[in-house]
> 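Below are the structure tokens for one structure; questions will follow.
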There are 2 protein chains.
Amino acid sequence: MNASPRRKELTRLAAQLFVQEGFDRTTVRMLAQEMGIKSGSLFHHFKDKHEILAAVIEEGTQNALNIAQQALDDCGRDPEVRLRTMARAHLETLFADRNAHVVALFEWRRLDPSASAHLRHLRDAYEALWVDVIDDALRAGILHGDRFLVARFVLGALNWTVRWYDPHGARTPDELADELVAMLLPNADTTNV
Amino acid sequence: MNASPRRKELTRLAAQLFVQEGFDRTTVRMLAQEMGIKSGSLFHHFKDKHEILAAVIEEGTQNALNIAQQALDDCGRDPEVRLRTMARAHLETLFADRNAHVVALFEWRRLDPSASAHLRHLRDAYEALWVDVIDDALRAGILHGDRFLVARFVLGALNWTVRWYDPHGARTPDELADELVAMLLPNADTTNV
DNA sequence: GTCTATAGCGCGATAGAC
DNA sequence: GTCTATCGCGCTATAGAC
């Protein structure tokens, strides 16, 4: 869609507010103030408030997809390494890149139906990446269970970290990802990472 | 607090709407209609909209605590069984009992600070139950990792099921709980449940 | 305990000047 | 591309009759 640098910047600021306050409680006046303009001017860039949300979610999901794909391309073929790579990439987009991916996960239901239909393929592509990696791990015998269930349980564990994890606390996001993988693959040699 | 049967019933109806629409998008007019009264009458039972949320969350957390505690009391001392029991109890309060516990998990941040402070001990008690069970599993050597991290990962995986699991689909909530435990304890004999 | 009526406010969005 | 000004609506909550 429209991807002017200005609009990109506004989308980035919107993502921050949507994470802090939630979409419903974020007003167009708050968004405008954060962007240094008046609320009326916002509607020159976006046709309505929901289009801002769609832009944030598209950005967040696309970014997660790009980062995960890139990381997978660079990490070799070992199933355990690939699993750890995906977990790290996921937490990186949630906590380092920040905001847009969190909004995509937690405000998806606020999308209007047409935007949701348009963005579903992006989300599905990201989930497909995960199912592939899980599948490799299942075939290698280092994980067990139904591929879709395992993928959703692992993603759930990762997504929920948004609610309790402090990225500036004792553990880095990478360490947190490694702890999750270590819990799932107790027999692997992960003590000397 | 005030726990008249009438208020209990209204709280139950409110929980349903809060899950369907989210707290912010649920209006007092919608709540009143669902309860068969006019919106002004609502404020005879609750001093404001936030007090309704606090009542729902208290109900949901207390109920989760009661059910989990009861289930643990009845299930013996085997660490694996206790873990499975907790997972089943958690999904039962999310999908069978329905609604109030879901609201407690997903709308906690909408509580005003005083209500949040007042209810924190309930949530902590429930989490403490989980950490105890996880601790037993760690000491028995059937799970590995940091007690708090493992508890939060497992709870995250369970909580996120609200976003994708259909309790009327192919798997019952109990089966889903068992699948999660089977993923975590791959060496246990769970094939003949 | 529920009603009617409405106060008072903040919201999303628009119009037209610059 | 941003401004000022404002419309029209729906929201939470209140007041007072019944």
Side-chain angles (χ1 to χ4, degrees), chain A residues 1-59 103 107-116, chain B residues 1-59 103 107-116:
Chain A
M1 220 70 86
N2 179 356
S4 70
R6 183 75 174 127
R7 185 173 153 126
K8 270 268 185 181
E9 168 70 0
L10 298 181
T11 301
R12 203 184 57 79
L13 291 167
Q16 187 182 340
L17 273 176
F18 288 163
V19 169
Q20 279 170 25
E21 303 290 329
F23 175 71
D24 291 322
R25 291 168 55 91
T26 302
T27 68
V28 295
R29 288 169 173 83
M30 294 164 64
L31 289 163
Q33 180 164 42
E34 196 76 10
M35 297 165 180
I37 57 180
K38 301 297 181 182
S39 68
S41 310
L42 241 183
F43 295 93
H44 175 77
H45 302 280
F46 302 92
K47 94 174 214 297
D48 59 22
K49 191 187 168 191
H50 273 88
E51 192 179 286
I52 309 181
L53 177 64
V56 170
I57 290 186
E58 174 163 17
E59 151 89 8
V103 175
E107 305 285 0
W108 185 275
R109 289 176 58 200
R110 297 278 88 88
L111 285 172
D112 48 82
S114 70
S116 168
Chain B
M1 219 71 85
N2 179 357
S4 69
R6 182 77 174 125
R7 185 172 153 129
K8 270 267 183 179
E9 168 70 1
L10 299 180
T11 301
R12 202 184 58 81
L13 291 167
Q16 186 183 340
L17 273 175
F18 288 164
V19 168
Q20 280 170 24
E21 304 291 329
F23 174 72
D24 291 322
R25 291 167 56 89
T26 302
T27 70
V28 295
R29 289 173 172 88
M30 293 164 66
L31 289 163
Q33 181 163 42
E34 196 76 8
M35 297 165 180
I37 57 180
K38 299 297 181 181
S39 68
S41 309
L42 241 182
F43 296 93
H44 175 77
H45 302 280
F46 302 93
K47 93 173 214 296
D48 59 21
K49 191 186 168 190
H50 274 88
E51 192 179 285
I52 309 182
L53 178 63
V56 169
I57 291 186
E58 174 163 16
E59 152 88 8
V103 175
E107 306 284 359
W108 183 275
R109 290 175 57 200
R110 298 279 89 87
L111 284 172
D112 49 81
S114 70
S116 169

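Just so we're clear, the structure is a prediction, and the values are computed from it rather than from any experiment.
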> Quick one: closest heavy-atom pair of A:Ala14 and A:Val56, and the distance?
CB-CG2, 4.0 Å
> Measure from CZ on A:Phe46 to C1' on D:dG1 and round the result to the nearest Å.
14 Å
> Grab the N/O contacts between the protein and nucleotides 16-18 of chain D below 3.5 Å, and write none if there aren't any.
none

> Give me the atom names and distance for the closest heavy-atom approach of B:Leu10 to B:Met35.
O-CE, 3.3 Å
> When the distance from CG of A:Asp24 to C1' of C:dC11 is rounded to whole Å, what number comes out?
12 Å
> Could you give the CZ-to-C1' distance, from B:Arg110 to D:dT12, as a whole number of Å?
17 Å
> Are there more than 12 heavy atoms of other residues, nucleotides or ligands under 6.0 Å from atom CD of A:Gln33?
no
> Given A:Met30 and A:Arg25, is the side chain to side chain contact (heavy atoms under 4.5 Å, CB included) satisfied, shown in steps?
CA-CA 10 Å; A:Met30 294 164 64; A:Arg25 291 168 55 91; over 6 Å; no
> Output the rounded distance in Å from CZ (B:Phe23) to C1' (D:dC11).
12 Å
> List the atom of B:Leu42, the atom of B:Ile52, and the distance in Å for their closest heavy-atom pair.
CD2-CD1, 4.0 Å
> Enumerate the residues from residues 25-45 of chain B whose closest heavy atom to DNA chain D is under 4.0 Å, giving them by residue number; use none for an empty result.
B:Thr26, B:Thr27, B:Val28, B:Arg29, B:Gly40, B:Phe43
> Nearest whole Å is fine: how far is C:dA13 P from A:Glu51 CD?
10 Å
> Under 4.5 Å between any side-chain heavy atoms of B:Leu13 and B:Leu31, yes or no?
no
> How close or far is atom P of C:dC11 from atom CG of A:Asp48, stated in whole angstroms?
17 Å
> C:dG10 C1' sits how many Å from B:Lys49 NZ, rounded?
14 Å
> Could you check B:Arg12, B:Arg6, B:Arg7 and say which one makes a salt bridge (Lys or Arg N to Asp or Glu O under 4.0 Å) with B:Glu9?
B:Arg12
> Between C:dG10 atom C1' and A:Glu21 atom CD, what is the distance in whole Å?
15 Å
> Nearest heavy-atom pair of A:Arg109 and B:Val19: which atoms, and what distance?
NH2-O, 3.6 Å
> Identify the heavy atoms of A:Asp24 and A:Lys49 that sit nearest to each other, and give their distance.
O-NZ, 3.7 Å
